[in-house]
Engineer: 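Below you'll find the structure I mean.
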Amino acid sequence: MLFNKKNISYELDQDNIPGHIAFIMDGNGRWAKKRKMPRTYGHHEGTKTIRKIALEANRLGVKAMTVYAFSTENFKRDINEVNYIFKLPKEFFDLYLKELIENNVQLRYIGHLEMAPKETRDIIEKAISQTSQNTGLILTFAFIYGGRDEIVETTKELCQQCLDGKISVDNINEDYFEKHLMTTDLPPVDLMIRTSGEYRLSNFMLWQLAYAEFVFTDIHWPAFDETELHRCIAIYQGRERRFGGVLK
Ligand code: IPE
Ligand code: IPE
Ligand code: MG
């Protein structure tokens with residue numbers, strides 16, 4: 001498949017499209033600052049990128065896409081910025097839910113939704129239930145999410161199962177643990193893309209990224225587009241994944 005946009009084209013191997021792409025959507029604030037706009041404007045524009053990239057990923061046949069929208073550490077930010085981000089799901093779903101449904105996209109979330117304001121919670125839960133039968137791209141919002149927190153939550157749940165006598169310690173293995181993570185039922189993450197030039201995970205999907213390929217781009221999230229997605233996938237397709245083994 002040959003894509004040509006803005007005179008740049010990337011030949012993508014249709015048989016090697018990543019099944020699950022996880023995005024650390026970074027750089028909203030810097031993108032806005034460059035335009036002498038408030039950070040919140042960057043978050044607002046960033047939601048348009050989520051729509052654009054979800055539709056393109058769906059078109060390419062990607063099965064799952066997870067976006068890091070708010071970390072457990074992002075509560076350290078100014079309350080006004082936090083409150084603004086908590087209003088974005090409503091704006092996003094008011095504008096795009098109908099179109100996502102038309103495109104067969106299924107919505108999910110990972111994280112502590114119970115910590116979000118009721119209005120935010122309700123709108124996300126409604127979008128999830130309205131799309132639960134859809135069979136296209138699974139778009140998961142990591143919202144009030146932290147990788148360490150997820151592992152601790154799962155550990156607590158399994159400890160409780162032991163205490164209740166439902167399982168014994170010997171029943172716990174990697175498969176069982178993984179099934180009790182917030183990402184249960186999602187396919188393995190093949191590709192992690194972080195925008196905006198930072199080379200770190202910032203507590204994102206620590207378990208799930210164990211064997212994912214990482215691609216970092218300097219482009220800020222609001223400016224990330226289909227061409228850049230294709231470029232990242234082309235880089236992924238050039239990688240040799242070994243999973244600890246030796247290639248023949
Ligand atoms: C990512 O953009 C969005 C969230 C973390 C909610 P940032 O807000 O981190 O933007 P920068 O990194 O400050 O530019
Ligand atoms: C990671 O970005 C969190 C999200 C994209 C939601 P941050 O901007 O919070 O990460 P740090 O602080 O640069 O590590
Ligand atoms: Mg940031």
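Order of listing sets the numbers, starting from 1, for every ligand and every atom in it.
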Engineer: Answer yes when E99 and R51 have at least one side-chain N-carboxylate O distance shorter than 4.0 Å, and no when they do not.
Structural biologist: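 Between R51 and E99 there is a salt bridge, with a charged N closer than 4.0 Å to a carboxylate O.
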Engineer: Does W31, backbone or side chain, put an N or O under 3.5 Å from an N or O of ligand 1?
Structural biologist: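 Checking ligand 1 against W31, no N or O pair falls under 3.5 Å apart.
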Engineer: Which option out of E198, R77, K76 puts a heavy atom nearest to atom 7 (P) of ligand 2?
Structural biologist: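 Shortest heavy-atom distance from atom 7 (P) of ligand 2: R77.
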Engineer: Determine whether T131 and L139 make a side-chain contact, defined as any pair of heavy atoms from C-beta on separated by less than 4.5 Å.
Structural biologist: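 No, every pair of side-chain atoms sits at 4.5 Å or beyond.
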Engineer: Would you indicate whether E174, at its atom CD, is surrounded by more than 12 heavy atoms from other residues, nucleotides or ligands within a distance under 6.0 Å?
Structural biologist: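 For E174, atom CD is not crowded (no more than 12 foreign heavy atoms under 6.0 Å).
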Engineer: Are the side chains of T183 and T140 in contact, using a 4.5 Å heavy-atom criterion?
Structural biologist: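 Contact flag for T140/T183 side chains = no.
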Engineer: Check whether any side-chain heavy atom of D26 sits under 4.5 Å from a side-chain heavy atom of Y68, and report yes or no.
Structural biologist: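 With C-beta onward as the side chain, the pair stays apart.
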Engineer: According to the interplanar angle, ranging from 0 to 90°, do the rings of W221 and F224 count as parallel (below 30°), tilted (30 to 60°) or perpendicular (above 60°)?
Structural biologist: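 Answer is parallel, since the angle falls under 30°.
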Engineer: What are the atoms of ligand 1, with element, lying closer than 4.0 Å to any heavy atom of R39?
Structural biologist: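 So the answer, numbered in order with elements, is 7 (P), 8 (O), 10 (O), 13 (O).
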Engineer: What are the atoms of ligand 2, with element, lying closer than 4.0 Å to any heavy atom of S202?
Structural biologist: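 Ligand 2 atoms under the 4.0 Å threshold to S202: 1 (C), 10 (O), 11 (P), 14 (O).
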Engineer: Could you go through E45 and R35, starting from their C-alpha distance and side-chain angles, then the distance that decides it, and tell me whether this counts as salt bridge (charged side-chain N to carboxylate O under 4.0 Å, His left out)?
Structural biologist: CA-CA 12 Å; E45 289 297 301; R35 285 156 184 79; over 6 Å; no
Engineer: Provide the closest heavy-atom pair for H43 versus Y84 in the form atom of the first, atom of the second, distance.
Structural biologist: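 Shortest heavy-atom contact: CB-CE2, 4.1 Å.
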Engineer: Identify the heavy atoms of L229 and A57 that sit nearest to each other, and give their distance.
Structural biologist: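 The answer is CD2-N, 4.3 Å.
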Engineer: Starting from atom 2 (O) of ligand 1, what is the nearest protein heavy atom, named by residue and atom, and what distance separates them?
Structural biologist: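 The answer is N28 N, 3.2 Å.
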Engineer: For atom 4 (C) of ligand 2, grab the closest protein heavy atom and report residue, atom and distance to one decimal in Å.
Structural biologist: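 Ranked first by proximity to atom 4 (C) of ligand 2 is Y68 CD2, 3.7 Å.
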Engineer: Taking only heavy atoms of I85, which atoms of ligand 1 are found under 4.0 Å from at least one of them?
Structural biologist: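 Counting atoms of ligand 1 from 1, those under 4.0 Å from I85 are 6 (C).
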Engineer: If we only count N/O pairs under 3.5 Å, is D26 in contact with ligand 2?
Structural biologist: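 Yes: some nitrogen or oxygen of D26 is under 3.5 Å from one in ligand 2.
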Engineer: Please state whether G27 comes within less than 4.0 angstrom of ligand 1, counting heavy atoms only.
Structural biologist: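 G27: in contact with ligand 1 (<4.0 Å).
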Engineer: Output the atom name for the N/O/S atom of D26 with the smallest distance to the Mg ion (ligand 3).
Structural biologist: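 The Mg ion (ligand 3) is closest to the D26 atom OD1, counting only N, O or S.
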Engineer: Would you say M25 contacts ligand 2, with heavy atoms under 4.0 Å as the rule?
Structural biologist: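 Flag set, M25 near ligand 2.
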Engineer: Decide whether an N or O pair under 3.5 Å exists between S71 and ligand 2.
Structural biologist: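 Among all N and O atoms of S71, none is under 3.5 Å from an N or O of ligand 2.
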Engineer: For ligand 2, which part of R194 has a heavy atom less than 4.0 Å away: the side chain, the backbone, both, or neither?
Structural biologist: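 Side chain only.
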Engineer: Number the atoms of ligand 2 from 1 as they appear, then name those within less than 4.0 Å of a heavy atom of N74, with their elements.
Structural biologist: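 Those of ligand 2 that fall under 4.0 Å from N74 are 3 (C), 6 (C), 9 (O).
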Engineer: Should K33 be listed as contacting ligand 1, given a heavy-atom distance under 4.0 Å as the test?
Structural biologist: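 Judged by the 4.0 Å heavy-atom criterion, K33 does not count as contacting ligand 1.
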Engineer: Without hydrogens or angle criteria, can the side chains of N80 and D78 be said to hold a donor-acceptor pair below 3.5 Å?
Structural biologist: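 Indeed, the side chains of N80 and D78 share at least one donor-acceptor pair under 3.5 Å.
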Engineer: Does F70 approach ligand 2 within less than 4.0 angstrom via side chain, backbone, both or neither, non-hydrogen atoms only?
Structural biologist: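 Only the backbone of F70 comes within reach of ligand 2.
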Engineer: Can you tell me which residue and heavy atom of the protein come closest to atom 6 (C) of ligand 1, and the distance to 0.1 Å?
Structural biologist: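 For atom 6 (C) of ligand 1, the nearest protein heavy atom is A69 O, 3.3 Å.
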Engineer: Should R30 be counted as touching ligand 1, given the test is an N or O pair under 3.5 Å?
Structural biologist: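 The answer is yes, given that R30 and ligand 1 share an N or O pair closer than 3.5 Å.
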Engineer: Does any non-hydrogen side-chain atom of M192 lie less than 4.5 Å from one of Q208?
Structural biologist: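 No, every pair of side-chain atoms sits at 4.5 Å or beyond.
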Engineer: Considering non-hydrogen atoms only, spot the tightest contact between F86 and T120 and give its length.
Structural biologist: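 Nearest heavy atoms, F86 then T120: O-OG1, 2.8 Å.
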Engineer: How far is atom 10 (O) of ligand 1 from its nearest protein heavy atom, and which residue and atom name does that atom have?
Structural biologist: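 The protein heavy atom lying closest is G29 N, 2.9 Å.
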Engineer: Could you establish whether H220 and ligand 1 come within less than 4.0 Å of each other, counting only heavy atoms on the residue side?
Structural biologist: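 Contact absent.
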Engineer: Determine, stepwise, if the pair F214 / Y199 fulfils ring pair (Phe, Tyr, Trp, His ring centres under 6.0 Å).
Structural biologist: CA-CA 9 Å; F214 292 1; Y199 302 97; over 10 Å; no
Engineer: Could you tell me which atoms of ligand 2, counted from 1 in the order shown, lie closer than 4.0 angstrom to a heavy atom of R200?
Structural biologist: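 Reading through ligand 2 atom by atom, the close ones are 11 (P), 13 (O), 14 (O).
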